[in-house]
*Asks:* 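So that we are looking at the same thing, I have put the structure below in structure tokens.
Computed from a predicted structure; not experimentally measured. Computed from heavy atoms alone, side chains included, the values below leave out hydrogens, waters and symmetry copies.
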Amino acid sequence: MLYTIRMNRTWRTIKGYLFWTYERGSFHYDVMVTVILLFIFIAPRFIDFKDQPAEKLSHRIGIVVTPDGNQGLIYQVDADAVDAQDEGMVRTNFQRLIRPISGSVVISRIEPVRDDGGHIVAYRAWVRR
């Protein structure tokens, strides 16, 4: 009989933990919170969750977007990222670079941006949706 009463009380306590029925500030509530905090802070040292930091891109592409004032946008991309020898390749590579940002757009004009020495440092394109 005594064994049955103890088991009944033990199961009631376990059921209270599982269904979170204890009042805030009670002993059992504090035990549950402590167990959760211990899991949060100690488990990563002993359990391999197989999480890794996000991969960093080896080279970030500098893309600048500004409105052109006529319902369109002007995209400027570094020349190193475009990597082309003729205007057809420039247009193709430029479109490939801005597609993840802009979606499907029509490039109306592309012009090179030059530094003081006359070297191409970027390309600027006027686009419309």
Side-chain angles (χ1 to χ4, degrees):
M1 178 82 170
L2 186 59
Y3 175 76
T4 310
I5 294 173
R6 283 187 184 161
M7 285 304 292
N8 191 15
R9 192 178 322 155
T10 303
W11 282 114
R12 198 173 339 137
T13 303
I14 291 172
K15 188 172 116 180
Y17 282 133
L18 289 175
F19 294 111
W20 199 273
T21 59
Y22 294 106
E23 292 294 321
R24 190 172 186 184
S26 69
F27 172 75
H28 293 291
Y29 184 92
D30 291 344
V31 169
M32 290 186 295
V33 170
T34 303
V35 168
I36 291 169
L37 289 173
L38 286 173
F39 178 78
I40 290 171
F41 290 111
I42 295 177
R45 296 196 182 272
F46 300 105
I47 300 172
D48 184 14
F49 290 107
K50 307 232 184 296
D51 57 340
Q52 297 293 324
E55 288 186 33
K56 292 185 179 180
L57 297 175
S58 60
H59 176 69
R60 289 196 132 171
I61 299 170
I63 299 176
V64 180
V65 183
T66 54
D68 71 352
N70 294 325
Q71 305 299 322
L73 296 170
I74 301 171
Y75 286 82
Q76 182 171 318
V77 178
D78 294 338
D80 295 340
V82 175
D83 187 34
Q85 285 74 31
D86 64 3
E87 186 160 339
M89 285 181 67
V90 170
R91 186 174 290 272
T92 303
N93 290 341
F94 202 97
Q95 189 120 23
R96 178 183 51 81
L97 290 169
I98 66 171
R99 183 172 290 125
I101 298 169
S102 64
S104 181
V105 293
V106 176
I107 298 175
S108 58
R109 183 177 91 194
I110 294 181
E111 68 179 32
V113 177
R114 299 181 185 273
D115 64 2
D116 293 336
H119 299 93
I120 297 174
V121 293
Y123 289 96
R124 193 175 293 143
W126 283 255
V127 300
R128 295 200 184 277
R129 291 194 184 269

*Asks:* If we check side-chain contact (heavy atoms from CB on, under 4.5 Å) with V33, which of these qualifies: I36, V35, L37, V31?
*Replies:*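 Output: one option passes, namely L37.
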*Asks:* So do the side chains of W126 and N70 get within less than 4.5 Å of each other, counting heavy atoms only?
*Replies:*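 W126 vs N70: side chains apart.
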*Asks:* Please check if the distance between the ring centroids of Y22 and Y17 is under 6.0 Å.
*Replies:*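 So the answer is yes for these two rings.
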*Asks:* State yes or no: do V64 and V113 share one hydrophobic cluster built from I, L, V, M, F, W and Y residues joined by side-chain heavy-atom distances below 4.5 Å, directly or via other members?
*Replies:*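 No, no single cluster joins them.
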*Asks:* Minimum heavy-atom separation for R96 to A81, with atom names?
*Replies:*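 Scanning both residues completely, I find the closest heavy atoms to be NH2-O, 4.2 Å.
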*Asks:* Look at the side-chain heavy atoms of Ile, Leu, Val, Met, Phe, Trp and Tyr, link any pair under 4.5 Å apart, and say whether I47 and F41 land in one connected group.
*Replies:*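 Unlinked, I47 and F41 end up in two clusters.
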*Asks:* State the CD1-CG distance between I98 and N93, to the nearest 0.5 angstrom.
*Replies:*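 Reported value, rounded in 0.5 Å steps: 11.5 Å.
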*Asks:* How close do Y29 and E23 get, heavy atom to heavy atom, and via which atoms?
*Replies:*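 Taking every non-hydrogen atom into account, CB-O, 3.2 Å.
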*Asks:* Got a sec: does the CZ of F49 have more than 12 other heavy atoms crowding it under 6.0 Å?
*Replies:*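 For F49, atom CZ is crowded (more than 12 foreign heavy atoms under 6.0 Å).
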*Asks:* If you compare all heavy atoms of P100 against all heavy atoms of L97, which two are closest, and at what distance to 0.1 Å?
*Replies:*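 Scanning both residues completely, I find the closest heavy atoms to be CD-O, 3.4 Å.
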*Asks:* Keeping the roles fixed (side chain from E87, backbone from E111), state whether a donor-acceptor pair exists under 3.5 Å.
*Replies:*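 A pair under 3.5 Å: no.
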*Asks:* Is a side-chain donor or acceptor of D78 paired with a backbone partner of D80 at a separation under 3.5 angstrom?
*Replies:*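 Absent.
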*Asks:* Just how far is it from atom CD1 of I107 to atom CZ of R128, taken to the nearest 0.5 Å?
*Replies:*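 Going from CD1 on I107 over to CZ on R128, the span is 13.0 Å.
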*Asks:* Supply the atom-to-atom distance T21 OG1 to M32 CE, rounded to the nearest 0.5 angstrom.
*Replies:*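 Taking OG1 in T21 and CE in M32, the distance rounds to 7.0 Å.
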*Asks:* Nearest 0.5 Å, please: how far is OG1 in T13 from CG in N8?
*Replies:*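 These two atoms lie 9.5 Å from each other.
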*Asks:* Starting at CD1 of I63, measure out to CD1 of I101 and round the result to the nearest 0.5 Å.
*Replies:*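 Here the interatomic distance stands at 3.5 Å.
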*Asks:* Minimum heavy-atom separation for R114 and V121, please, with both atom names.
*Replies:*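 The answer is C-CG2, 4.3 Å.
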*Asks:* Please report the shortest heavy-atom distance between P67 and L73, naming the atom on each side.
*Replies:*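 Closest pair (atom of P67, atom of L73, distance): CA-CD2, 3.9 Å.
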*Asks:* Please report the shortest heavy-atom distance between I74 and R124, naming the atom on each side.
*Replies:*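 The pair with the smallest heavy-atom distance is CG2-CG, 3.2 Å.
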*Asks:* Does W11 CH2 have over 12 foreign heavy atoms under 6.0 Å away?
*Replies:*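 No.
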*Asks:* Are M89 and V82 packed together at the side-chain level, in the sense that at least one heavy-atom pair is separated by less than 4.5 angstrom?
*Replies:*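 No - every pair of side-chain heavy atoms lies 4.5 Å or more apart.
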*Asks:* Quick one: pull up CZ in R9 and CD1 in I14 and give me the separation to the nearest 0.5 Å.
*Replies:*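 Output value for this atom pair is 13.0 Å.
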*Asks:* F39, F46: one ILVMFWY side-chain cluster at the under-4.5 Å cut-off?
*Replies:*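 Looking at the clustering, F46 is in a separate group from F39.
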